[in-house]
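Contents: one structure, followed by commentary.
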There are 2 protein chains.
Amino acid sequence: MAPRIVDKEAKKNQIIQAALQVFAKNGIAKSKMIDIANAAGVGKGTIYEYFRSKEEIFAEAYNTFFADMKESLITHIAEVDDPVEKLNLLSNLSFSFLDSESRDFAAVMMDFWAEGVRTKNDEMLEIVNLKRTYTEYRTLISQIVREGIQKGIFKKVDVDSYSAILIAALDGILLQTIIDPNIINLVNVEKTLSETLISGLKK
Amino acid sequence: MAPRIVDKEAKKNQIIQAALQVFAKNGIAKSKMIDIANAAGVGKGTIYEYFRSKEEIFAEAYNTFFADMKESLITHIAEVDDPVEKLNLLSNLSFSFLDSESRDFAAVMMDFWAEGVRTKNDEMLEIVNLKRTYTEYRTLISQIVREGIQKGIFKKVDVDSYSAILIAALDGILLQTIIDPNIINLVNVEKTLSETLISGLKK
DNA sequence: TTTTATTGACCGACCGGTCAGTATTAATTT
DNA sequence: AAATTAATACTGACCGGTCGGTCAATAAAA
């Protein structure tokens with residue numbers, strides 16, 4: 001009556017982080033349980049002490065990933081006041097997300113996206129809730145734009161449509177950059193985006 | 001010495017069309033050879049008379065799909081003169097692509113995209129050449145914008161960046177619409193896009 | 001010694017691809 | 001014009017490999 005004790009939470013997290021790395025490297029479909037186990041430095045069976053299935057790992061990894069990302073965005077944006085600056089910052093953070101060490105994570109993100117679109121598994125759809133994710137991001141932008149309109153800085157555009165378009169543009173640039181990192185000059189794109197889509201909001 | 005003769009080309013096409021439908025319904029990874037065979041109304045073995053592998057079907061379906069789409073875009077755009085109208089038309093065609101019966105094909109398109117991003121198969125990457133696809137679309141837009149600048153209608157923006165952004169916005173709206181068809185009002189988005197990104201080009 | 005934690009050999013479902021056998025067609029022969 | 005022949009076209013049972021998940025055995029801690 002004196003059992004062995006481990007930090008369950010820590011080990012679970014260790015497996016999630018390992019899974020994220022493996023997902024980033026091989027894509028979700030091609031990531032095998034044994035790969036994740038090896039990356040986490042545990043036996044394959046051990047994973048099943050912490051997760052019921054491969055899908056469950058995937059779901060928890062997804063939630064961890066997006067929760068971190070959203071929190072980071074909100075924190076940074078709260079630090080500036082001017083709505084134009086907020087939007088430019090949002091754009092800038094999205095672009096810097098593409099730099100160097102984050103590149104792999106961008107690939108995971110797209111993989112998550114594709115998985116969410118293609119899955120017919122209801123439980124999965126509930127967890128990898130792309131509807132919710134996009135709605136949250138659109139809401140984030142809507143608030144900024146609405147604030148700008150109230151302050152009399154922005155002209156009165158259709159806020160919902162504009163939010164969708166800005167998210168779409170950032171998303172789409174991310175796609176193109178993942179596909180072909182060299183052909184797109186991110187500095188120029190960021191500048192042009194600011195000059196057209198964002199500045200275009202100003203009265 | 002008098003063999004049975006079938007229209008190889010027609011039957012090959014029949015299999016490709018069946019494959020496209022199955023891909024649209026289940027996603028590529030979950031589409032089994034037997035599903036494609038059943039949809040095409042042939043035996044599984046017959047498929048291997050026309051294609052060497054599942055990947056080869058996929059590749060040919062991809063090329064058929066995008067070749068058709070691009071040809072349609074170019075034809076329609078050539079019918080108008082004004083660069084602003086051309087861009088609005090491009091936007092309009094992209095949005096109408098999302099309507100009703102095309103919805104499934106949009107899903108295939110995204111699946112192609114995801115497959116292209118994730119594959120580590122070199123031969124595959126060569127055929128499902130997303131770099132080329134995106135470059136072709138950017139070139140299409142670049143030409144229109146450059147024409148507008150030459151005619152003195154557009155202000156001098158960074159043409160390459162602008163092209164990437166417009167494609168990105170259209171792509172991104174497509175993503176959001178596939179995810180959640182009801183929440184986005186395509187008519188409003190198209191209007192807002194025209195008022196901001198496209199009209200913003202005018203001097 | 002007892003309880004918890006870990007492991008990897010093993011199982012079985014699944015699926016892409018093969019191939020031996022069958023069907024179909026049309027030229028040739030009778 | 002019927003029968004024969006020979007070539008192509010088609011088929012699905014089967015094979016081999018893969019991989020998610022299980023569990024009996026073992027290790028580690030207290």
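Residue numbers start from 1 in every chain, and the chains themselves are labelled A, B, ... in the order their sequence lines are given, proteins ahead of strands. As the structure is a prediction and not an experimental result, all values here were calculated from the model.
The main-chain N or O of I34(A) is found under 3.5 Å from a side-chain atom of N38(A) such that the two form a donor-acceptor pair.
With hydrogens and angles left out, the side-chain atoms of N188(B) and Y162(A) include no donor and acceptor closer than 3.5 Å. Using a 3.5 Å distance cut-off with no hydrogens or angles, the side chains of Y62(B) and T133(B) do pair a donor with an acceptor.
Here the C1' atom of nucleotide dT22(D) and the CD1 atom of I47(A) are 14 Å apart, to the nearest Å. Counting to the nearest Å, the P atom of dC15(C) and the OH atom of Y48(B) are 13 Å from each other.
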Reading 5' to 3' through nucleotides 8-14 of chain C, protein heavy-atom contacts under 4.0 Å coded B for base, S for sugar-phosphate only, - for none:
B------
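A salt bridge links K12(A) with E60(A); the closest basic N to acidic carboxylate O contact falls under 4.0 Å.
Among the nucleotides dG17(C), dT6(C), dA5(C), the one closest to any side-chain atom of E49(A) is dT6(C). Considering only the side chain of M33(B), dG16(C) comes nearest among dG16(C), dT6(C), dA9(D).
By the side chain to side chain donor-acceptor pair (under 3.5 Å) test, N88(A) is found to be paired with S194(A), residues two or more places apart in sequence or in another chain being considered.
Among the protein residues, F51(A) comes within range of no part of the nucleic acid, since none of its heavy atoms lies under 4.0 Å from any strand.
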List the atom pairs, with distances to 0.1 Å, where a side-chain N or O of residues 70-79 of chain B and a protein N or O form a donor-acceptor pair under 3.5 Å, not counting sequence neighbours.
from	atom 1	to	atom 2	distance (Å)
K70(B)	NZ	E136(B)	OE1	3.4
T75(B)	OG1	E71(B)	O	2.8
H76(B)	ND1	S72(B)	O	2.8

